Amino acid sequence: MTACNFPTLKNDRLLRALRFEPVDATPVWMMRQAGRYLPEYKATRAEAGDFLSLCKDTARATEVTLQPLRRFELDAAILFSDILTVPDALGLGLYFETGEGPKFKKTIRTETDIANLPKLNMSDLSYVTDAVTSIRHALAGQVPLFGFSGSPWTLATYMIEGGSSKEYRHAKAMMYAQPELLHALLDKLCDAVTHYLDAQIIAGANLVQIFDSWGGTLGHRQFVTFSHQYNRRIIDALKAKYPDVPVVMFTKGGGLWIEAQADSQADALGFDWTMPLDKARAILGSTKAIQGNLDPATLYGTPKSIRQAVQDMLADVYGGGIHTGYVANFGHGITQWANPDHAKIFVDAVHEFKL
């Protein structure tokens, strides 16, 4: 299977919105839309044996990517993978413990650790690019396909801490006590993420998203110094090579730094539920498209409350008179406890909103 001769795209609503072109309805997709809230996903994961085996199985990764598209009229698919595939390929030994999330067998905390990190070899991630190409063909032009990566800062936190963290004690200790070490690590990760996203685009991704999931844990100066400047470098490199491939930049908790985030070539900025979209639009105007920002916990409500929340969100983003340049989504990933029927209400309510 080759990364060329892909079927013609039938639904380009999302791509047109990112270019501020007229759209017939608001495009919508859901972060983590292929995941644990779907019974068919759980069944496929059980067949694979575990999460990483599922990610590395091209046929099954393709299947779970397509599953939500069979239920909902979504305007994009997103590659089924994980943001921690890059550190795993760098030799840290990713594994998952039930109820505890991702962990690494090795941590990166010293100058020697950083110096010994290899350059990313994309042959170690060929299962990702194989999945991208497989999914593009399997979509048959139905919707565009997102590729993605974690941001350098987000990946660094996992590599330094050895897994998930609430305090980021070791990562922030390095940041404040040995900033030159952290910059050395981030520099290597910046090159790796650029290479990784480049490979996904070559394999068939129509657009890519950078998940700066933990950027919002930083102070405002530290965000620019240790996160945003590296994200900007990645985006600059991708746009220089692929000017027509959209890049979405999502920093959870980063709404306060909208002006800083706008200082990049990203086509769109994603926001979580703490950022009012009318304010985002007033600041950004038509310089950047916007993505987000419904609280995924909204799906725990009633059908009526979900529709009202969607109405309010879209009224905010379109209130300034710009009726494109927006992609509806949650402000983080859909949770495993979400009712799939409520997810459908969300998607349908977005499409039914009168522009």
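When a residue number appears, it is its place in the shown sequence, counting from 1. Because the structure is a prediction, the values reported are computed rather than measured.
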Main-chain N/O of Tyr41 paired to Gln67 side chain as donor or acceptor, under 3.5 Å | yes
Side-chain donor-acceptor contact under 3.5 Å, Thr154 with Ser213 | no
Looking only at heavy atoms, the pair that brings Phe271 and Gly255 closest together is CD2-CA, 4.1 Å
Taking only Lys NZ, Arg NE, NH1 and NH2, and the carboxylate oxygens of Asp or Glu, determine whether Lys106 and Asp113 approach each other closer than 4.0 Å.
-> no
Is Asp267 salt-bridged to Lys288, cutoff N-O under 4.0 Å?
-> no
Ionic contact status for Arg233 with Asp191, cut-off 4.0 Å = yes
Look at Arg70 together with Glu63 and state whether they make a salt bridge at an N to O cut-off of under 4.0 Å.
-> yes
Looking at Phe20, Phe353, Tyr318, which hits ring pair (Phe, Tyr, Trp, His ring centres under 6.0 Å) with His323?
-> Tyr318
When you look at CZ of Arg36, are more than 12 heavy atoms from neighbouring residues, nucleotides or ligands closer to it than 6.0 Å?
-> no
So the salt bridge (Lys or Arg N to Asp or Glu O under 4.0 Å) pairs with at least one residue in residues 78-96 (sequence neighbours excluded) are Lys56-Asp88
Would you confirm whether the ring centroid of Phe104 sits within less than 6.0 angstrom of the ring centroid of Tyr158?
-> no
Would you check if the side chain of Gln200 reaches a backbone N or O of Phe148 as a donor-acceptor pair within less than 3.5 Å?
-> yes
Indicate yes or no: does Lys241 engage Asp198 in a salt bridge with an N to O separation below 4.0 Å.
-> yes
Flag yes if more than 12 heavy atoms outside Gln336 fall under 6.0 Å of its CD atom; otherwise flag no.
-> yes
Within a reach of under 6.0 Å around CD of Glu111, are more than 12 heavy atoms found that belong to other residues, nucleotides or ligands?
-> no
Should the pair Glu167-Arg169 be classified as a salt bridge under the 4.0 Å nitrogen-to-oxygen rule?
-> no
Distance-only polar pair, side chains of Tyr127 and Thr85, donor-acceptor under 3.5 Å = no
Expected output: side-chain Gln33 to main-chain Ala76 donor-acceptor under 3.5 Å | yes
Does Lys239 use its side chain to pair, donor to acceptor, with the backbone of Asp244 at less than 3.5 Å?
-> no
Lys/Arg N to Asp/Glu carboxylate O, Asp348 vs Lys344, below 4.0 Å | yes
Donor-acceptor under 3.5 Å (Lys103 side chain, Gly162 main chain) | no
